[in-house]
Amino acid sequence: MTIKVTGCRLLVRPLKVEELDPRIRSAKAAGIVGLEQDERKAKANTEKGILLQKGPKVNEDYTEGAEVGDTVGFTKFGGKFVKENDDDQELLIINDEDVICVFKKES
């Protein structure tokens, strides 16, 4: 099954908590496992992700030139989590207006 976003939606791979927080990354590397509830709570606070796909009617006023592969910030409770395959990778479909910033590397 393949996901293709429609209209003014974007497909985002939310960054995992360990990608954002070096303390959690260190704890997991040391074999320390947090409670499932703590991980869900931390995941809900993750508001950054990698833009994977843009729908055909995305409004550039909201996305400010975000391109596939860019890291975007999005509203905390926006979107719908989906799974593309049977793996554990959850993706997020958000509306273009849920993008609040684009993280660009300075050249």
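- Under a hydrophobic clustering in which Ile, Leu, Val, Met, Phe, Trp and Tyr are joined whenever their side-chain heavy atoms come within less than 4.5 Å, directly or via other members, L11 and I100 fall into different clusters.
- Here the side chain of D96 pairs no donor or acceptor atom with the backbone of V58 at under 3.5 angstrom.
- Applying the side chain to side chain donor-acceptor pair (under 3.5 Å) rule to K83 yields no partners; only residues at least two apart in sequence or on another chain are considered.
- With F103 as the aromatic partner, K48 meets the cation-pi criteria of under 6.0 angstrom to the ring centre and within 45 degrees of the ring axis.
- Using a 4.5 Å heavy-atom threshold, the side chains of L92 and F74 count as touching.
- With sequence neighbours excluded, the residues that form a side chain to side chain donor-acceptor pair (under 3.5 Å) with D70 are K104.
- In this structure, the side chain to side chain contact (heavy atoms under 4.5 Å, CB included) partners of E97, at least two apart in sequence or on a different chain, are Y62, N95.
- The shortest distance between side-chain heavy atoms of V82 and K80 falls below 4.5 Å.
- Atom CG of D98 is separated from atom NZ of K76 by 14.5 Å, given to the nearest 0.5 angstrom.
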Exercise. Would T63 and V102 count as a side chain to side chain contact (heavy atoms under 4.5 Å, CB included) if you check the C-alpha gap in whole Å, the side-chain angles of each, and the deciding distance to 0.1 Å?
Worked result: CA-CA 7 Å; T63 59; V102 180; 5.7 Å; no
Which donor-acceptor pairs under 3.5 Å do the side chains of residues 49-57 make with protein atoms, sequence neighbours left out?
unit_1 : atom_1 : unit_2 : atom_2 : d
Q53    : OE1    : V5     : N      : 2.7
Q53    : NE2    : I3     : O      : 3.2
K54    : NZ     : E60    : OE2    : 3.0
K54    : NZ     : A66    : O      : 2.9

